[in-house]
Each structure stands twice: as C-alpha cells, then as structure tokens.
There are 2 protein chains.
Amino acid sequence: MSKTLAENTSDARSRLLDAAMTVIRQKGFSATTVDDICQAAGLTKGSFFHYFKSKQDLGVAAAQHFADMADGLFGSADYRKLADPVDRLLGYVDLRVAILQGPISSFTCLLGTMTQEVYKSHPAILAACDRHMAEHIGELVKDITEARDLYCPDALWTPDSLGLHIQAVLQGSFIFAKARGGPEVAVEILGHLRRYLKMLFKR
Amino acid sequence: MSKTLAENTSDARSRLLDAAMTVIRQKGFSATTVDDICQAAGLTKGSFFHYFKSKQDLGVAAAQHFADMADGLFGSADYRKLADPVDRLLGYVDLRVAILQGPISSFTCLLGTMTQEVYKSHPAILAACDRHMAEHIGELVKDITEARDLYCPDALWTPDSLGLHIQAVLQGSFIFAKARGGPEVAVEILGHLRRYLKMLFKR
DNA sequence: TTCGACATACCAACCAGTTGGTATGCAGAT
DNA sequence: ATCTGCATACCAACTGGTTGGTATGTCGAA
C-alpha cells in the first residue's frame with residue numbers, strides 16, 4: 001500500500017514501460033540497456049524478462065504504450081469539441097505547442113525517435129511505430145477531410161498528405177529542439193505550420 | 001584519381017568517413033560498431049584508431065564530412081544562379097525532391113539522425129550537428145531574407161524561423177520515409193512545403 | 001634510420017539473455 | 001479451516017558473445 005513518489009507504483013510491467021519511454025527518449029533505443037530500464041523502474045533483470053521476451057519485444061510494447069498515452073491526451077482534449085474542423089486542427093497544433101515544456105524527453109515522440117534508429121535493424125519495432133503514427137494521423141485526417149470539404153473542396157492536395165505533413169513538421173521540430181537544447185525553436189517552427197493551415201483553409 | 005563507386009579508393013581517412021556516413025545512416029550511431037565501419041571501409045581497427053581517437057571523435061568528423069558533402073552538392077547546384085530569390089528557394093526544395101532516390105540511407109540527413117540519438121550522451125557530436133545544420137540553414141536564410149524584402153517586407157515571421165521550418169519539414173519527411181520504407185511519402189510532404197513557400201511569397 | 005600508415009592480437013568492460021531460486025497467492029480437496 | 005499443488009511475480013548471480021580501445025609489429029617512403 002505504501003508508495004514512493006518518483007518510482008510510480010502501478011504494476012511492474014507498467015513501471016517498466018514508463019521507464020522505457022523516458023530512457024529511450026533520452027538515450028535512444030540502441031543505447032539504452034535493459035539494466036538502464038530496470039534501474040529506472042526499480043526492478044531487476046529477471047523481472048524484465050519475465051514480462052518481455054526480448055529487448056525488441058519491449059520496444060514494440062513501448063511503442064504501444066506511448067501511443068495509448070498519446071491517444072488519451074489528444075482524444076480527451078478540449079479542442080476536440082469545437083464545431084469547426086479547422087478550429088480543431090488549429091487546436092491540435094496549439095496543444096502541441098502548449099505541451100512543449102519541461103525536459104525534452106518529456107514532449108518528444110518515442111515513435112519518431114525509434115523509427116530513425118531501428119528502421120533497418122528491428123523490423124517489428126519499425127512496423128509498430130509506423131502503425132501507431134498512421135493511426136494518430138488518421139484522427140487528424142478526419143478533421144482535415146471535413147475542413148477541406150467545407151472550405152476548399154477543389155484543393156489539389158489530399159487529406160492524407162496534409163496529415164503526414166503536419167506530423168513531419170512536428171517530428172522535425174523535435175529534432176531541432178534536441179539540437180538547440182530547448183523547445184523554443186520548436187515553437188517557432190510550429191508557428192509556420194499554423195500559418196500554413198490558416199492559409200489553406202481561408203474562411 | 002581513379003575511384004570505384006561503392007568502396008572508393010581515396011585515402012583511408014576519407015574511406016572511413018564515407019563508410020561511417022553510410023553505416024550510421026543505416027543503423028544509427030550507437031548501433032554501428034567501429035568494426036562495422038572498418039569492414040565497410042575495407043580497413044582494420046588499428047587504422048581506425050590511428051585517425052580517430054575515439055568513436056565519438058569519429059562522430060564529430062563524420063558530421064563535418066557530411067556537411068562538406070552537402071555544401072558541395074547545394075553550393076554548386078544550378079538553381080543557385082537563378083535571379084529571383086524565391087526561385088532559388090523553390091529550386092532548393094525541388095532539388096531535395098529530386099534527390100529522393102535510391103536507398104533511404106543515401107538521401108537522409110546524417111546530422112538529423114545523429115542529433116536524435118546522441119543529444120544526451122555525446123555533447124560534442126550534438127554540438128557539431130547543431131553547428132552544421134545552422135550553417136546549412138544560414139545559406140537558406142540569405143535567400144529567404146532577400147525574398148521577404150522583395151515580396152512581403154511586412155510579414156510577421158522572421159527569415160531564421162522559416163529556414164528552420166524548411167529544414168524541419170525535411171527532417172520530418174525523412175522519418176516518414178524510413179517508417180514507410182520508401183521516399184514517396186517524403187515527396188508528398190515536400191509538396192506541402194513548396195505550396196507554403198509559394199503562398200508566402202505571392203508574386 | 002626514422003616516421004607515418006596500417007595490420008594483428010589482445011583485453012577489460014559491458015550487455016542481452018539464462019538459470020535457478022524464493023515468496024506469495026489462489027483453487028480445490030479434505 | 002487447513003493442506004496440497006501449481007502458477008505468477010520477482011530476484012541475484014552467471015554466461016557467452018560483443019565492443020571500444022590498446023599494445024605492438026610490419027612495411028614502404030624519405
């Protein structure tokens with residue numbers, strides 16, 4: 001019943017996944033050792049391999065875990081209730097800007113980070129990252145499609161391509177946040193994304 | 001003077017750097033071993049540590065090497081001679097699209113890849129990546145400034161932020177190219193970047 | 001003979017994964 | 001209620017292969 005604070009106290013598997021999310025976003029997948037994760041979770045290796053049959057297996061599960069967390073965050077956000085689909089898209093971007101706080105590893109995308117690293121070496125992880133990113137984009141594409149039908153049905157671009165573009169800008173902004181050691185540069189970059197969206201959907 | 005294509009035959013240091021560029025872009029910095037690089041270069045470890053005092057040292061040199069290569073490519077491209085700065089910017093994007101061919105590791109950015117991975121663990125490499133990316137962006141910013149002065153001097157955004165944005169879109173498009181296993185998706189993403197630039201600089 | 005360029009052989013640290021074990025909980029039989 | 005049997009959860013210690021790095025040697029050019 002008694003629980004320490006930093007090391008969260010839910011079941012061991014969740015603790016390992018939370019730890020993995022944090023550590024992998026800091027050091028990358030290859031550079032994080034199983035021991036790193038165990039230490040961060042306050043558990044031992046035996047426990048780790050009780051829940052995950054390999055490090056790659058953990059990678060896949062961590063991608064899932066991250067996607068679930070993101071789903072919760074964006075699925076329940078206030079901007080989702082706005083009537084105009086363009087407002088929802090801008091609300092999404094604004095929320096992403098608002099999130100840019102605290103340590104870098106707290107707002108960057110585990111899926112993008114792992115994709116970069118494992119695309120040749122761990123196909124299972126790559127596939128998981130691709131699938132979860134596609135699902136996340138899928139939600140955006142719903143709003144994009146609606147907005148396009150409403151404000152520019154004759155536009156030359158497809159909703160899917162714009163969803164990808166939005167996500168690409170985000171991923172790119174994370175890289176520069178890492179390079180510069182802070183989120184300020186990402187805010188500037190997302191400013192252009194926001195402007196582009198407003199220009200596309202002239203009301 | 002005569003050089004084979006894959007394994008080139010120039011001096012050992014260059015061969016090691018070329019090999020590092022290729023292998024690191026495939027497997028990431030942490031996952032590539034010194035032996036990997038030596039094997040790809042057709043040399044041995046003794047030679048490696050003759051030229052680089054550590055793996056991190058190689059990372060810094062590889063970033064430099066990559067930046068030099070990029071400088072050569074973009075510095076001498078035809079679009080640089082165009083009179084209108086907007087044409088030069090669009091020419092830059094078009095060249096980046098044209099480059100999206102062959103294996104993924106041949107067109108992705110070593111600097112972006114390494115930044116993601118080493119931002120907490122190898123400050124020297126991170127600093128090198130940041131510096132070279134900033135220099136590359138600096139070239140873009142010249143054209144952006146000129147274009148802004150010419151076509152939209154009252155715009156609310158700064159040339160620097162647009163340079164970063166362009167580069168962020170590129171970096172993001174590489175991530176998706178890796179996730180999807182091909183460059184097609186990057187072409188779609190860059191299409192939006194191109195449209196944004198044309199909208200910004202209405203002529 | 002000396003020096004730079006490279007090779008060979010080797011080491012200590014590290015790392016993913018294994019082994020063998022203990023503690024605890026639970027289900028059903030008695 | 002209590003005992004038995006078995007599964008789950010977790011741990012400490014170990015292993016075999018790998019990795020960054022070193023020590024030493026060879027060879028050709030100056």
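Below, read A as the first sequence line, B as the second, and so on, with proteins coming before strands; counting in each chain starts at 1. Below, all heavy atoms of this structure are taken into account, side chains as well, without hydrogens, waters or symmetry copies.
Note on A:Lys45: a base of the nucleic acid sits closer than 4.0 angstrom, heavy atoms only. If you check every strand for non-hydrogen atoms under 4.0 Å, B:Ser30 touches nothing. Residue contacts shown for A:Phe48 are absent, as no nucleic acid heavy atom lies under 4.0 Å away. Nucleic acid contact class of A:Thr33 (heavy atoms, under 4.0 Å, all strands): sugar-phosphate only.
At least one side-chain nitrogen or oxygen of A:Thr44 sits closer than 4.0 Å to the OP1 or OP2 atom of D:dC11. Note on A:Tyr51: a side-chain N or O is less than 4.0 Å away from OP1 or OP2 of D:dC10. Proximity of B:His50 to the phosphate of C:dA5: a side-chain N or O atom is located under 4.0 Å from OP1 or OP2.
The distance between atom CD of A:Gln39 and atom P of C:dC15, rounded to the nearest whole Å, is 11 Å.
Between the two ends of the helix from C:dT1-D:dA30 to C:dT30-D:dA1, each summarised by a five-pair axis, the helix axis turns through 0° (rounded to 10 degrees).
One side chain, A:Ser161 or A:Thr158, offers a donor N or O that lies under 3.5 Å from an acceptor on the other.
The aromatic rings of A:Phe174 and A:Phe107 are tilted relative to each other, their planes meeting at an angle between 30° and 60°.
For B:Phe49, the side-chain atoms get nearest to D:dT22 when compared with the rest of D:dT22, C:dT18, C:dC6.
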